[in-house]
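Input: a single structure, listed below in structure tokens.
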Amino acid sequence: MTGADAVSSVRVPVRVLDHGTGLDLPAYQTAGSAGLDLRAALPESDPVVLAPGARALVPTGLAMALPSGFEAQVRPRSGLAVKHGVTILNAPGTIDSDYRGEVRVALVNLSAEPFLITRGERIAQLVIAPVTRLEWVPSDMLDETGRGSGGFGSTGR
């Protein structure tokens, strides 16, 4: 198996909300894409101008029912970030399997120019991932490593 043949899929029920009607469902743009593009479900007559330094919670018009054992990650689109300085404020945003509300995207404009968000604009990516839950094991000692407790740039010396 190679490429898309080696990728598994998960069936996820999706509900299109009234303000999302008419927008394409998120879709993979290529066979090798990990993320589906989310679109802004804004009214045609009411785009959002994201001023420099401003943030906005942008609706997608979608709600979904992720199966237990999975999460959805809302990630920035590299083109928006590089070309316009617009990214996700809490990247990656996490959607838990028990959330049933609308998927909304917290965008922030890090550029010096205003950015116009219009209906149907691709604003983020959605990546589905399996969840592994941890089980804490209390311990008085941890194994030794070469790094030890060094952090925040300690490996770049």
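Source: prediction; values computed, not measured. Basis for what follows: all heavy atoms, side chains included, without hydrogens, waters or symmetry-related copies.
Side-chain atoms of D37 never come within 3.5 Å of backbone atoms of R122 as a donor-acceptor pair (strictly under, hydrogens ignored). One N or O on the side chain of T30 and one on the backbone of S33 form a donor-acceptor pair closer than 3.5 Å. Under a 3.5 Å cut-off, the side chain of Q125 and the backbone N or O of P76 do form a donor-acceptor pair. Panel note: side chain D96, backbone D98; no donor-acceptor pair is recorded below 3.5 Å. A donor-acceptor pair under 3.5 Å is formed between the side chain of T145 and the backbone N or O of G148. Looking only at distances, no side-chain donor or acceptor of E121 sits under 3.5 Å from a matching main-chain atom of A40. Using modelled atom types, one side-chain atom of T60 and one backbone atom of V103 make a donor-acceptor pair closer than 3.5 Å. Checked by atom type and distance alone, the side chain of R104 never pairs as donor or acceptor with a backbone atom of G101 at under 3.5 Å.
Residue I88 comes nearest to A124 through the heavy atom pair CD1-CB, 3.7 Å, listed as atom of the first residue, atom of the second, then distance. Heavy atoms only, all atoms of each residue included: L66 and A72 are closest at CD1-N, 3.5 Å. Closest approach of H19 to G61, counting heavy atoms only: NE2-CA, 3.6 Å. Of all heavy-atom pairs between S111 and P52, the closest is O-CB, 3.2 Å. Minimum interatomic distance between A41 and G20 (heavy atoms only, all atoms of both residues): CB-CA, 4.2 Å. Among all heavy-atom pairs drawn from N109 and F115, the shortest one is ND2-N, 3.6 Å.
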Intermediate values then yes/no, side-chain contact (heavy atoms from CB on, under 4.5 Å), L50 and I117: CA-CA 7 Å; L50 198 56; I117 305 167; 4.2 Å; yes
Trace of the side-chain contact (heavy atoms from CB on, under 4.5 Å) decision for V127 with E71: CA-CA 8 Å; V127 175; E71 65 152 334; over 6 Å; no
side-chain contact (heavy atoms from CB on, under 4.5 Å) between V14 and L25, intermediate numbers included: CA-CA 9 Å; V14 62; L25 283 177; 4.3 Å; yes
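With values rounded to the nearest 0.5 angstrom, L57 atom CG is found 8.5 Å from E102 atom CD. In this structure, CD1 on I128 lies 11.5 Å from OG on S8, to the nearest 0.5 angstrom. Interatomic distance, T118 OG1 to D46 CG, rounded to the nearest 0.5 Å: 12.0 Å.
With a 6.0 Å radius and a threshold of 12 heavy atoms from other residues, nucleotides or ligands, R15 has its CZ atom at or below the threshold. Around CZ of R77, the count of heavy atoms belonging to other residues, nucleotides or ligands within 6.0 Å exceeds 12.
Counting only residues at least two apart or in different chains, ring-ring contact (aromatic ring centres under 6.0 Å, His included) contacts with residues 36-70 are absent.
Cluster membership for Y99 and V74, using ILVMFWY side-chain heavy atoms within less than 4.5 angstrom, is shared. Follow the hydrophobic side-chain contacts under 4.5 Å out from V12 and you reach V105 in the same cluster. Linking ILVMFWY side-chain heavy atoms closer than 4.5 Å, directly or via other members, places L107 and V49 in two distinct hydrophobic clusters. Linking ILVMFWY residues whenever their side-chain heavy atoms come closer than 4.5 Å, directly or via other members, leaves L17 and L62 in distinct clusters.
Counting only heavy atoms from C-beta outward, the side chains of L116 and P47 approach each other to under 4.5 Å. Taking 4.5 Å as the limit, every side-chain heavy atom of R119 sits out of range of all side-chain heavy atoms of R39.
Between E113 and H84, the side chains place no donor N or O within less than 3.5 Å of an acceptor N or O (distance only, hydrogens not considered).
By the side chain to side chain contact (heavy atoms under 4.5 Å, CB included) test, R55 pairs with L89, V108, sequence neighbours left out.
Cluster partners of W136, using a side-chain heavy-atom cutoff of under 4.5 Å among ILVMFWY residues and allowing indirect links, are L134.
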